[in-house]
A.B. asks: 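So that we are looking at the same thing, I have put the structure below in structure tokens.
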Amino acid sequence: MTTEPAPRPPLDLTDRLAAVTEATEEHLAHTDRAAEFPVAALDALRRTALLGLLVPVAHGGLGGTARDLVAAAQTLGRSDMSVGMIFAMHCQQAAALVHYGSERLRKEVLPRIAAGECYLASVTTEAGKGGHLLSAQAQLADEGGELAVERFAPIVTGGTHADGFLITMRSPGADATAHEVTLVYAHRDQLDLTASGDWQPMGMRAGHSAALTLTGRVPGHQVVGEVGEFHRIAATVFGPLAHLGWSAVWLGTAAGALSRVLRLLRSPAGRARFDLTSELLLTRIARSRQRLDTVHALLQQALRTVESGADLSAPARQLQLNALKITASEECLAAVDDLIAALGLRHGYLKDSPTRLEQALRDLRSAPLNYSNDRLHLADGRLALRDQGVSFA
């Protein structure tokens, strides 16, 4: 009888995350006000090797797992949702290279990621289709073994600061349909980049997700996975890690807001200003905490599903992962709204409150729009029809 080895305990990332958080907090007010990319936080992610969190040790990385990603993303989200999302999306891209990159591509790129030299940006949006992952309009051109990239994307988070890009495009060939999508990696020095437009959003201002045009040529071995088979990467890496990572960041942002509110209420100034026996105040705080506990429970269950190694394409598992994204995006936003109602104008609504509820609400308003909940509900309706027994992951 053989026994499976015990799972590795989570990495101790405390000091690394503290360094990133310190840099984030120092520049937080400025990056939000000016809608500037958090360069200092990215520099800290590079120095601490956290960019290589999901890169295997054999390639110089930290060898982290999805559980490590969730813990780190939640911590970073407590300080700044933009920084948390930048980190989570980079890790999603790195995981795609780890699992689907060719041996040559992994040897070329993964050590650079592990060394903090390669921050990855995702290029999946297109005018006319939004962020729909499983279709593409712009087409790769096969030119004598090299692939010509000519791609416009209306939203590329951190694109002007990225060192490498993972780009979805229609597969080469005259007969390729919009649903035959190929993922290709490009180094920054293989592309001509042209930024356009201005980034002035309501929230997520430090995400700097401006439009970008990318033009260049890459060798054939920089296709990630098989030509036309991006849907496999989406089902096993992009989708699951996006929903886990994003939800962890959103939970961290809402939990950070609640923590700051509770510290204010329990401070001498807070005790003098607020009636801590108020049933309305206590009820609103309780409702906010309940929402976050609900998200946390669903996040942990979805994480266990991903860790199990089970087929994530099964309807019940897809429904669970989609439910995580939808629930987290709605409940974390609602939890912060509860806190604003509880504290009122001075500490709930004004920008200069130490609770930072105003920024948290603006940032979290993007969560239901980040891969639209409406699109996920439509997909869930089709999935539910395939699960007549109403089974659960």
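Throughout, residue positions are numbered sequentially from 1 according to the sequence presented. Not measured: the values here are computed from a predicted model.
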A.B. asks: I'd like to know whether CD of Glu108 has more than 12 heavy-atom contacts from other residues, nucleotides or ligands below 6.0 angstrom.
C.D. replies: yes
A.B. asks: Flag the pair His221 / Ser102 as yes when at least one side-chain heavy-atom distance between them is below 4.5 Å, and no otherwise.
C.D. replies: yes
A.B. asks: Distance check, rounded to the nearest 0.5 Å: Arg205 atom CZ versus His30 atom NE2?
C.D. replies: 11.0 Å
A.B. asks: Taking the side chain from Arg317 and the backbone from Leu312, do they hold a donor-acceptor pair closer than 3.5 Å?
C.D. replies: no
A.B. asks: Please find the pair of heavy atoms, one from Asn322 and one from Asp380, that lie closest to each other, and give the distance.
C.D. replies: ND2-OD1, 2.8 Å
A.B. asks: Can a side-chain donor-acceptor contact be found between Asn370 and Ser366 if the only test is distance below 3.5 angstrom?
C.D. replies: no
A.B. asks: The test is side-chain contact (heavy atoms from CB on, under 4.5 Å); show your working for Leu45 and His90 and say whether it passes.
C.D. replies: CA-CA 11 Å; Leu45 288 169; His90 162 85; over 6 Å; no
A.B. asks: Hydrophobic clustering (ILVMFWY, side-chain heavy atoms < 4.5 Å, transitive) - are Val306 and Leu11 grouped together?
C.D. replies: yes
A.B. asks: Ignoring hydrogens, what is the shortest heavy-atom contact between Pro240 and Ala234? Give both atom names and the distance.
C.D. replies: CD-O, 3.6 Å
A.B. asks: Taking all non-hydrogen atoms of both residues, which atom of Ala323 and which atom of Leu298 are closest, and how far apart?
C.D. replies: O-CD2, 3.7 Å
A.B. asks: Going by atom types alone, do Thr124 and Thr168 pair a side-chain donor with an acceptor below 3.5 Å?
C.D. replies: no
A.B. asks: If you count heavy atoms of other groups shown closer than 6.0 angstrom to CZ of Arg263, is the number above 12?
C.D. replies: no
A.B. asks: Between Gln300 and Arg67, do the side chains contain an N or O donor and an N or O acceptor separated by less than 3.5 Å?
C.D. replies: yes
A.B. asks: Any idea how His243 and Trp246 line up, ring-wise: parallel (<30°), tilted (30 to 60°), or perpendicular (>60°)?
C.D. replies: tilted
A.B. asks: Which heavy atom of Thr327 sits nearest a heavy atom of Val295, and at what distance?
C.D. replies: O-CG2, 4.1 Å
A.B. asks: Mind checking whether Val224 and Leu105 have side chains closer than 4.5 Å, heavy atoms only?
C.D. replies: yes
A.B. asks: Regarding Gln301 and Arg304, is there a side-chain donor-to-acceptor distance under 3.5 Å anywhere?
C.D. replies: yes
A.B. asks: Distance-only, no hydrogens or angles: does the Ser79 side chain make a donor-acceptor pair with backbone N or O of Thr75 under 3.5 Å?
C.D. replies: no
A.B. asks: Would you find a donor on one side and an acceptor on the other, under 3.5 Å apart, between the side chain of Ser288 and the backbone of Arg284?
C.D. replies: no
A.B. asks: Measure from the side-chain N and O atoms of Glu180 to the backbone N and O of Thr177, and report whether any donor-acceptor pair falls under 3.5 Å.
C.D. replies: yes
A.B. asks: Considering non-hydrogen atoms only, spot the tightest contact between Ser372 and Lys325 and give its length.
C.D. replies: C-NZ, 4.5 Å
A.B. asks: Less than 4.5 Å apart, any side-chain heavy atom of Ser313 and any of Gln318?
C.D. replies: yes
A.B. asks: So, for His347 and Tyr349, is the gap between ring centers shorter than 6.0 Å?
C.D. replies: no
A.B. asks: Please step through side-chain contact (heavy atoms from CB on, under 4.5 Å) for the pair Gln190 and Val149, ending with a clear verdict.
C.D. replies: CA-CA 10 Å; Gln190 292 172 323; Val149 174; over 6 Å; no
A.B. asks: Within the 4.5 Å heavy-atom criterion, are Val390 and Phe392 side-chain neighbours or not?
C.D. replies: yes
A.B. asks: Give a yes or no on whether the backbone of Gly77 and the side-chain of Thr253 come within a donor-acceptor separation of less than 3.5 Å.
C.D. replies: yes
A.B. asks: Let me see the working for Gln320 and Thr305 under side chain to side chain donor-acceptor pair (under 3.5 Å), right down to the final yes or no.
C.D. replies: CA-CA 9 Å; Gln320 183 191 76; Thr305 296; 2.7 Å; yes
A.B. asks: Determine the minimum heavy-atom distance between Leu251 and Leu292, stating which atoms define it.
C.D. replies: CD1-O, 3.7 Å
A.B. asks: Say whether, by atom type as modelled, one donor and one acceptor occur between the side chain of Arg112 and the main chain of Cys118 under 3.5 angstrom.
C.D. replies: no
A.B. asks: Indicate the ring-plane relationship of Phe37 and Tyr119, choosing parallel, tilted or perpendicular according to the 30° and 60° boundaries.
C.D. replies: tilted
A.B. asks: May I ask whether Val156 and Leu42 are part of the same hydrophobic cluster, defined by side-chain heavy atoms of I, L, V, M, F, W, Y residues being less than 4.5 angstrom apart, directly or through others?
C.D. replies: no
A.B. asks: Dump the intermediate steps for side-chain contact (heavy atoms from CB on, under 4.5 Å) on Leu333 and Arg365, then the final yes or no.
C.D. replies: CA-CA 6 Å; Leu333 174 62; Arg365 187 60 188 85; 3.9 Å; yes
A.B. asks: Would you give the length of the straight line joining atom CZ of Arg260 to atom CG of Leu264, rounded to the nearest 0.5 angstrom?
C.D. replies: 11.0 Å
A.B. asks: Has Arg46 got more than 12 heavy atoms of other residues, nucleotides or ligands less than 6.0 Å from its CZ?
C.D. replies: yes
A.B. asks: Judged by atom type as modelled, is there a donor-acceptor pair below 3.5 Å linking the side chain of Gln74 to the main-chain atoms of Ala248?
C.D. replies: no
A.B. asks: Looking at Leu147, is its backbone amide N or carbonyl O close enough to the side chain of Asp142 to form a donor-acceptor pair, meaning the two atoms are under 3.5 Å apart?
C.D. replies: no
A.B. asks: Say whether, by atom type as modelled, one donor and one acceptor occur between the side chain of Ser259 and the main chain of Ala255 under 3.5 angstrom.
C.D. replies: no
